[in-house]
Structures are given as structure tokens and as C-alpha cells.
Amino acid sequence: MSPVPENCFVPTSEIIAVEETELNKKQCNTGKWQKMAKPHAFTVYYVKKARNHRWRCSDVTFWCVDEHLCNQWIQALKELLEMQKSRPKQLLVYINPYGGKRQGKRIYEQKVAPLFSLASISTDVVITEHANHAKDNLLEVNINKYDGVVCVGGDGMFSEVMHGLIGRMQKDSGIDQNNPKAPLVQCNIRIGIIPAGSTDCICYSTVGISDPVTSALHIIIGDCQPLDVSSVHHNNTFLKYSVSLLGYGFYGDILKDSEKKRWMGPMRYDYSGFKTFLSHHYYEGTISFQPAKHALGSPRDKDSCRTGCYICKKSEQQLAEQQKECGLKYEEDEEEWKVIKGKFLAINAVNMSCACPRSPKGLSPAAHLADGSADLILVRKCSRFDFLRYLVRHTNQDDQFDFSFVDVHRVKSFQFTSKLSDDNESSVTDIGKKRFGQFCRDHPACCCNIANSTWNCDGETLDSSAIEVRVHCQLMKLFARGIEENCKDEAACSQSSVEQLL
Ligand SMILES: Nc1ncnc2c1ncn2[C@@H]1O[C@H](COP(=O)(O)OP(=O)(O)OP(=O)(O)O)[C@@H](O)[C@H]1O
Ligand SMILES: CCCCCCCCCCCCC/C=C/[C@@H](O)[C@H](CO)NC(C)=O
Ligand SMILES: [Ca+2]
């Protein structure tokens, strides 16, 4: 047992488990316990907060001469834990054995399963055998049996589980997902993410770190973080939901290229990123959007969304009032549309900051997890050098939006149509390929592209370039609490511990 500083506290909500301690002879014969005739002891396992939002399971053992008193303590603490009603007891776990560096199964078995077992959480574990296994399974499984669903994998695996759960909710409520205006039913069963993917952006942006043990502990103590979800449609057909990045141009092209290089693992994004940067293609199209007038913040705010965020709380209240007034009826939205035509290197719509280890502040550092809006970032045609300056700001503290060629808008819905409509695209591409090769040969240096880009929807490609997107405020919930403010006193933070009880 590590040494425990005196007079430290841990909230009962952050106790993982309490167990009677089996004492062996060696333990009894050490230190002051030697003087006790027959010592009794119990161990409290608790969340220890370390630096950079990392959590660990720590423990402290309390000794006592009186067996009855010892049992009373164990009983009282167990009753306190029973009162934590938001903690899950039964979880459904999906593991993608091929995500990221193919470590999902090992990570779960070695780092997560022992913690779930310590916290007396029962699990049904499914190791996926093919893409969409988890999604299809969620459409038929007896979901009421579970207090949450856990996915072990990356953003793509999370996306699968989210589609399964949201789809199941709409199916059970008779909502047609193909109707872009349909008010969707909130999904109250929480999802836990054990990061084992390549980017793990959703985990990083909602917890502050990609670390399997930290995420497992957030699940065990029953944290809850609502999340905005965007629905994506084309011609009254549902395509996908998105919670992190919907990216056209740069991020779409990276994804399309990197899919062919899955064998490279997480490195594929560096390879395709470099290639896409050099190709420097821009795409012409029209973006129309409805500004998020209800949202209190702005993408240029200096403050970021943090645990207990005031702006997200306000949106929760607004949502509750709206649901009280109109229920699930769709209110015709008369709000103005703004229209921007142009040549874009990248169009990025983010529902959250999209922070990840490569970009610790994300693509929109002031975006909120649960404010019912997305930040729409338009990067217009500019020189390679300027685009590089913009990309470098993904990785440092400088303002990414402080460029004449970058615009950012906080929106509740948007539409995009490419100058080449989808219906014309295939024929134009065919003719283009025959006559010119894929890119404009008239102006070899201009980088204009006669084909469309592809939308990157949380790491999955979309088949259509013309899309209609609507943000659904707090449609689902995670086992997370948002990113906590950094501990001012780092030393105290790394030593938080249990008060000596006896
Ligand atoms: N058994 C499986 N075989 C093949 N593909 C699978 C299997 N299980 C899940 N998938 C698919 O693999 C895709 C990628 O998985 P995942 O997101 O876990 O890893 P990643 O792509 O490396 O990480 P990231 O999404 O963070 O970049 C998901 O879209 C999922 O549908
Ligand atoms: C010369 C320096 C250039 C550095 C550029 C680094 C930028 C990295 C930013 C990554 C943002 C990722 C946003 C998240 C997207 C995910 O939804 C998706 C699926 O995991 N990942 C990717 C890479 O598309
Ligand atoms: Ca948001």
C-alpha cells in the first residue's frame, strides 16, 4: 500500500469498492499491528486523480482490533455505495479487436475487466467479428437489461454503437430517421468509451485524455455527460449521425486515402495527411446555414467547455422547456439562412472541440459538448504556405480563426451543395478521367479538382457530397463528465487520498 498523507478526503462518489482485507501472517507481524492480538482490516479502493486528467485506482487499508467495529464500517461504506444510483451494475461491452493498434481485447482484459469486477459490475462481452456487428446487434438485443453500453475501440467503433442505440430508440418510438425534420427521441442509455483506436477524438474531447483505465473509472462511478449529435441527410434519406467532425475537402480526402492504408494502423493518417497537404485541392460549392441564436457562447471565446459547463447547463434547461411546451412535435423553423458560395480547401463542422493527442485543443477549442450547436469552419482557397500556418495552429495555442481565409460560425443546421452536383459527378468524373486525368490539366498549378471531395463523418466516409445537417441538442449521453479544470495545486492533485477513518 502506498503511503497515505494525513487528513485527505475523497468523496464517496469516487470510492470504487470496499472489501474486507484478508490478512496474512507477514502483514500482521509488521509495524504497530504486531501489538494487536488479532487485527481486522478493510480496504477502500478509490479514484486517485493524477496529472493531465489521468485517473488511477488507489487503495488504503484500515486496521482495527474490534471485528464488530470493522464489519460495521464495511457495512456502512457498502450502503453508501449502494446509494450511488447512477452507477451501472450491468454493462454490454463490444470490443473491436482490429481498431487502432489491434490491442482492444488485451486492453479490455488486462486493464478494464479487473476494475469492473472489483466494482461488482456484471458484463456481457461481444468481440465483434465484422464491421456493423455491434450496430446490428444493438437493434435486436434486450437493451433494458443493461445500464450502459461500452465500446472498446476508436471513433469508428463508437460511431457504430451510437448508431445502433439511437437507431434502436427511433425504431422503438416509431420515428422515421429518413425525415430530416423529425424530432428525434433522446437516448438515455449511456455509452462508455474505452479508447483503443487511432484518433480517439471523442474520448479525448470528453475526458481530457485517451487512457483506458481513466475511462473505466468514469464508467464505474457512473458519470454522465450529455452530447450533441448531428443528423446528416441527402434527398430525404438518412445517411449518418455525427458527434465529432464532419469534414469536406482536406479531412475528407485524408480519410478516403487512408482507408486504403488501414494496414499501416494509426500511421496511415500521417501518410495520407502529408499526401493530401501536398495535393492542395480546393472544391467549389455553396454552404447555407442557420446561426445558433439560442447558444450563449461564440467560437472565438477564450473559455472552453469544462465539467459542469454553464452554457451547456443553460441549453439543457432550454431543451427541457421546449420539450414541455411542444413535446415531440416538430416546430417549423422560420429562422434566417445565410448563404456562402466559394472555393474551399476545407469545410469542417464540429459538434465538440475535436481535441485529440495530435491536436490537444482541437479544431474549435471553444466548441461545447452539449449546447445544441456546431462550429462551422470554412477554410477558403489560400496558398500552401498559409494553409500550413493554419494547420500548425491545430497543434499550438495560437488562434486558428485569426486568418483572412478562415471563417467560423456557430450553427444549428447547415446544407452543402458542391458546384458539381452528385448526380452529375459520376459522368463528369468519367469524362474528366478520359480527357484530362482526374484533375484539371488546363491549369496544372491551380489545384482545382473536377471531382467532388468526400465527407469525413466521425472517421467514416459518406457517399454523397450534397448534405443537409441538423444538430440535435443532447441527443445522447456518455459515461464521462467533460474535461475538468486543471488542478491548481498539482501536488495535491496527484496525492488526493482517503481520510483515515478509524
Ligand atoms: N471485427 C471487425 N472487423 C472489421 N472491422 C470492424 C470490426 N469491428 C468493428 N469494425 C469496424 O472498424 C472500424 C474502425 O474501428 P475503430 O474506430 O475501432 O478503429 P480506428 O479506425 O483505428 O480508430 P479511429 O476511429 O479512432 O480513427 C469501425 O468503423 C468499425 O465499424
Ligand atoms: C504540419 C502540422 C500539421 C498538423 C495537423 C494535425 C492535425 C490533427 C488534427 C486531427 C483532428 C481530428 C479530428 C477528428 C476526427 C475523427 O472523427 C476521425 C476519426 O477518428 N479522425 C480523422 C483523422 O479523421
Ligand atoms: Ca456542441
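Since we're looking at a predicted model, the values are computed, not measured. Order of appearance sets the numbers: ligands from 1, and atoms from 1 within every ligand. Numbers here simply count residues along the sequence, with the first being 1.
- Electrostatic pairing of Lys256 and Asp253 does not count as a salt bridge here, judged by no charged N lying under 4.0 Å from a carboxylate O.
- The protein non-hydrogen atom at the shortest distance from atom 5 (N) of ligand 1 is Ala131 N, 3.7 Å.
- Using a 4.0 Å cut-off to heavy atoms of Glu460, the atoms of ligand 1 that qualify are 29 (O).
- Taking the ring centroids of His218 and Phe479, they lie at or beyond the 6.0 Å cut-off.
- Between Leu184 and the options Met169, His472, Arg470, a side-chain contact (heavy atoms from CB on, under 4.5 Å) holds for only His472.
- Of the protein's heavy atoms, Asn96 ND2, 3.6 Å lies nearest to atom 10 (N) of ligand 1.
- Residues satisfying the salt bridge (charged side-chain N to carboxylate O under 4.0 Å, His left out) criterion with Asp301, sequence neighbours excluded, are absent altogether.
- Residue, atom and distance of the protein heavy atom nearest to atom 16 (P) of ligand 1 are Gly154 N, 3.5 Å.
- The closest protein non-hydrogen atom to atom 23 (O) of ligand 1 is Ser198 N, 2.9 Å.
- For atom 8 (N) of ligand 1, the closest non-hydrogen atom on the protein side is Thr128 OG1, 2.7 Å.
- Under the 3.5 Å distance criterion, with hydrogens and angles disregarded, a donor-acceptor pair is assigned to the side chains of Tyr94 and Asn137.
- Taking 4.0 Å as the cut-off between side-chain N and carboxylate O, Asp223 and Arg190 do not count as a salt-bridged pair.
- Listed by number with element, the atoms of ligand 1 under 4.0 angstrom from any heavy atom of Tyr98 are 1 (N), 2 (C), 3 (N).
- Not a single heavy atom of Lys101 lies less than 4.0 angstrom from ligand 1.
- Note on ring orientation: taking the six-membered ring where Trp is involved, the planes of Tyr390 and Phe405 are perpendicular (angle over 60°, cut-offs 30° and 60°).
- Taking any N or O of Pro97, backbone or side chain, none lies under 3.5 Å from an N or O belonging to ligand 1.
- A salt bridge links Arg380 with Asp407: the distance from a Lys NZ or Arg NE/NH1/NH2 to an Asp or Glu carboxylate oxygen falls below 4.0 Å.
- Residue Gly100 has at least one nitrogen or oxygen atom sitting less than 3.5 Å from a nitrogen or oxygen atom of ligand 1, judged on distance alone.
- Between Arg393 and Asp399, none of the side-chain N atoms (NZ, or NE/NH1/NH2) sits under 4.0 Å from a carboxylate O, so this pair counts as no salt bridge.
- Between Phe250 and Phe387, the ring centre distance stays below 6.0 Å.
- Atom 14 (C) of ligand 1 has its closest protein heavy atom at Arg262 NH2, 3.6 Å.
- Closest to atom 19 (O) of ligand 1 among all protein heavy atoms lies Gly99 CA, 3.4 Å.
- Taking distance alone, with nitrogen or oxygen atoms compared against 3.5 Å, Thr199 approaches ligand 1 more closely than that limit.
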Could you give the N/O to N/O pairs under 3.5 Å linking ligand 2 and the protein, each with its distance?
from	atom 1	to	atom 2	distance (Å)
ligand 2	17 (O)	Ser244	OG	3.2
ligand 2	20 (O)	Asp155	OD2	2.6
ligand 2	20 (O)	Thr199	OG1	3.1
ligand 2	21 (N)	Thr199	OG1	3.3
ligand 2	24 (O)	Asn456	ND2	2.9

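- Taking the centre of each ring, His234 and Phe238 stay at or above the 6.0 Å mark.
- Atoms of ligand 1 found under 4.0 Å from any heavy atom of Glu160, numbered from 1 in the order shown, are 9 (C), 30 (C), 31 (O).
- A salt bridge between Lys49 and Glu484 is present, with a side-chain N of the basic residue lying under 4.0 Å from a carboxylate O of the acidic one.
- Within the listing of ligand 1, atoms 18 (O) sit less than 4.0 angstrom from a heavy atom of Gly153.
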Could you please spell out the steps behind the salt bridge (charged side-chain N to carboxylate O under 4.0 Å, His left out) verdict for Lys293 and Glu336?
CA-CA 10 Å; Lys293 290 204 175 130; Glu336 58 164 337; 3.1 Å; yes
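- The salt bridge (charged side-chain N to carboxylate O under 4.0 Å, His left out) pairs that include a residue from residues 239-249 number zero, where partners must be two or more places apart or lie in different chains.
- For ligand 1, the atoms lying closer than 4.0 Å to a non-hydrogen atom of Tyr269 are 27 (O).
- A salt bridge links Lys412 with Glu335: the closest approach of a Lys/Arg side-chain nitrogen to an acidic carboxylate oxygen falls below 4.0 angstrom.
- Residues Tyr248 and Phe416 bring their aromatic ring centres within 6.0 Å.
- No part of Arg102 comes within 4.0 Å of ligand 1, judged by heavy-atom distances.
- Counting only N and O atoms by type, the side chains of Ser315 and Asp371 include no donor and acceptor under 3.5 Å apart.
- Counting only protein atoms, the N, O or S atoms lying less than 3.0 Å from the Ca ion (ligand 3) are Asp228 OD2, Asn351 O, His368 O, Asp371 OD1, Ser373 O, ordered by chain and residue number.
- The pair Arg358-Asp270 meets the salt-bridge criterion, since a charged nitrogen lies less than 4.0 angstrom from a carboxylate oxygen.
- Residue contacts with ligand 1 include His130, since one or more of its heavy atoms lies under 4.0 Å from the ligand.
- In the vicinity of Asp200, heavy-atom distances shorter than 4.0 Å reach the ligand 1 atoms 26 (O).
- Of the protein's non-hydrogen atoms, Gly156 C, 3.7 Å is the one closest to atom 28 (C) of ligand 1.
- Side-chain atoms of Ser117 never come within 3.5 Å of backbone atoms of Ala113 as a donor-acceptor pair (strictly under, hydrogens ignored).
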